[in-house]
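Every value quoted in this text rests on a predicted model; they were computed, and no experiment measured them. Residue numbering restarts at 1 for every chain, and letters A, B, ... go by the order of the sequence lines.
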Protein chains: 2
Amino acid sequence: MEPYKLFDAEYKFTCLIWDNEPINSTDLVKLCLAELGWKKSTTYTVLRKLCKRGSLRNEEATVTSIVKKEDAQKYESQMVVEKSFNGSLPQFLTAFLGGKGISNEEAEELKRIIEEATKS
Amino acid sequence: MEPYKLFDAEYKFTCLIWDNEPINSTDLVKLCLAELGWKKSTTYTVLRKLCKRGSLRNEEATVTSIVKKEDAQKYESQMVVEKSFNGSLPQFLTAFLGGKGISNEEAEELKRIIEEATKS
DNA sequence: ACAAGAGGTCTATCTCGATAAACCAGATAG
DNA sequence: CTATCTGGTTTATCGAGATAGACCTCTTGT
């Protein structure tokens, strides 16, 4: 399976790691209990799976990410555009904005992002 | 469950309906066999589920959609932005474009869509 | 010496999405 | 009048994501 692909629970889990890495595995267990209500074995089960998939690494009880947040998000965004919008970003944007408006500030920000991607 | 939410198989199925409605249910069975390789019972099972959910309607063997494509796409786009991008469209756009560029034409189109949403 | 904690694995359960086989009632063509 | 077609329903299987209980080994503080 693609190391970029993260299911719902996996994504929440990996977010905690991105925000705290490098993190000791026992600390991660505590963090997951606090933030997600997970038992120890759940944390280790998911951790092991994601390590096998190549998304994370756990070496000498230190957990770090191989796949970075930007990569996972990029993958996720492209997947949804592909699957539900024919691969068309304009179609996505149209659907997202559908009807409701946005502020001038946000519009400026969006246009800046587009400019940035155009001049390459 | 939300009538807007469509799982993968359901989405493909509903796409056929959007493209062909109103459609006779027996014809839909044939269409699903041809396009998705589904058996008759599969088609009826999914159809019934989506009718119960309020996404589709099947009256006197005529199938029509209640939820329209734009609505489903809007829901889908907002879900992904919410769940994976903190509800931030700029964050989504940044991730999607991440690194690679876009053509001038596409950039213009995107900016036009943004303009459209701004002036309301 | 021994209890407790760190760091894990193995196996299992539950739910649910995807798919289908089997069956059924009413209309209709030959 | 009976074989076929239309228009379904009921029930089941299978895989996978989400979650966890039980157990295990090694180290360390008392």
Parallel, tilted or perpendicular, as decided by the 30° and 60° cut-offs, for the rings of A:W38 and A:F13: parallel
Rounded interatomic separation in angstrom, taking OH from A:Y44 and P from C:dG7: 6 Å
A:N58 CG - C:dA6 P separation (whole Å): 15 Å
Rounded distance (Å) that lies between atom P of D:dA16 and atom CZ of A:R53: 12 Å
Length of the line joining B:K49:NZ and C:dA18:P, which is rounded to integer Å: 7 Å
Phosphate contact (D:dG8 OP1 or OP2) by B:R48 side-chain N/O below 4.0 Å: no
Backbone N/O of B:P3 and side chain of B:S55: donor-acceptor pair under 3.5 Å: yes
SB check A:K111 B:E115 (cutoff 4.0 Å): yes
Check nucleotides 21-29 of chain C for protein N or O atoms closer than 3.5 Å to its own N or O atoms and list the pairs.
residue : atom : partner : partner atom : Å
C:dA21  : N7   : B:S41   : OG           : 2.9

Donor-acceptor under 3.5 Å (B:S103 side chain, B:E106 main chain): yes
Sole candidate of A:N24, A:T43, A:N20, A:D19 that passes side-chain contact (heavy atoms from CB on, under 4.5 Å) when paired with A:L31: A:N20
B:E21 bridged to B:K69 by N-O distance under 4.0 Å: no
Contacting residues from residues 1-38 of chain B, given that a heavy atom lies under 4.0 angstrom of DNA chain C: B:F7, B:D8, B:A9, B:G37, B:W38
Check ion pair B:E10-B:R53 (N to O, under 4.0 angstrom): yes
Centroid-centroid distance, A:F92 to B:F92, less than 6.0 Å: yes
